[in-house]
Amino acid sequence: MDSTARAAAYRAIAATYRLLGATTAASLYQQAAATEDAHDSPSARRLATQARAAAEHT
């Protein structure tokens, strides 16, 4: 998957978590999308990992 597709996936996940009220996870996924747009995949993946952890504690 290329960075454009990953960014779109992160945005979709962020929207889902926002609808569920998990604002921390949504925010982190949105940051991951922006970071992926900047072509910094390692940092984006770290943010996505943090977002998953935040979602588990929601």
Side-chain angles (χ1 to χ4, degrees):
M1 180 183 303
D2 70 353
S3 65
T4 302
R6 269 191 304 278
Y10 290 149
R11 282 190 181 81
I13 295 167
T16 301
Y17 279 121
R18 198 169 294 110
L19 287 172
L20 295 172
T23 55
T24 300
S27 176
L28 286 166
Y29 270 115
Q30 193 63 44
Q31 290 175 42
T35 304
E36 191 67 58
D37 284 337
H39 302 288
D40 186 0
S41 292
S43 292
R45 288 186 183 118
R46 272 192 299 279
L47 285 164
T49 298
Q50 292 174 3
R52 281 189 293 279
E56 289 175 2
H57 291 78
T58 302

Between Thr49 and Arg52, a side-chain donor and acceptor under 3.5 Å: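 A donor-acceptor contact under 3.5 Å links the two side chains.
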
Taking atom types as modelled, find out whether Arg6 and Ser3 have a side-chain donor-acceptor pair closer than 3.5 angstrom.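 Ser3 and Arg6 do not have a side-chain donor-acceptor pair below 3.5 Å.
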
Search all heavy atoms of [X] against all heavy atoms of [Y] and return the closest pair with its distance.
X     : Y     : answer
Ala48 : Ala32 : N-CB, 4.1 Å
Glu36 : Ser41 : OE2-OG, 2.6 Å
Ala54 : Leu28 : CB-CD1, 4.2 Å
Arg18 : Ala26 : N-CB, 3.7 Å

Does this structure show an ion pair linking Asp40 with Arg46, if we count only N-O contacts that are shorter than 4.0 Å?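 Salt bridge: no.
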
Relative to each other, are the rings of Tyr17 and Tyr29 parallel, tilted or perpendicular (30° and 60° limits)?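 If you compare the ring of Tyr17 with that of Tyr29, the planes turn out parallel.
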
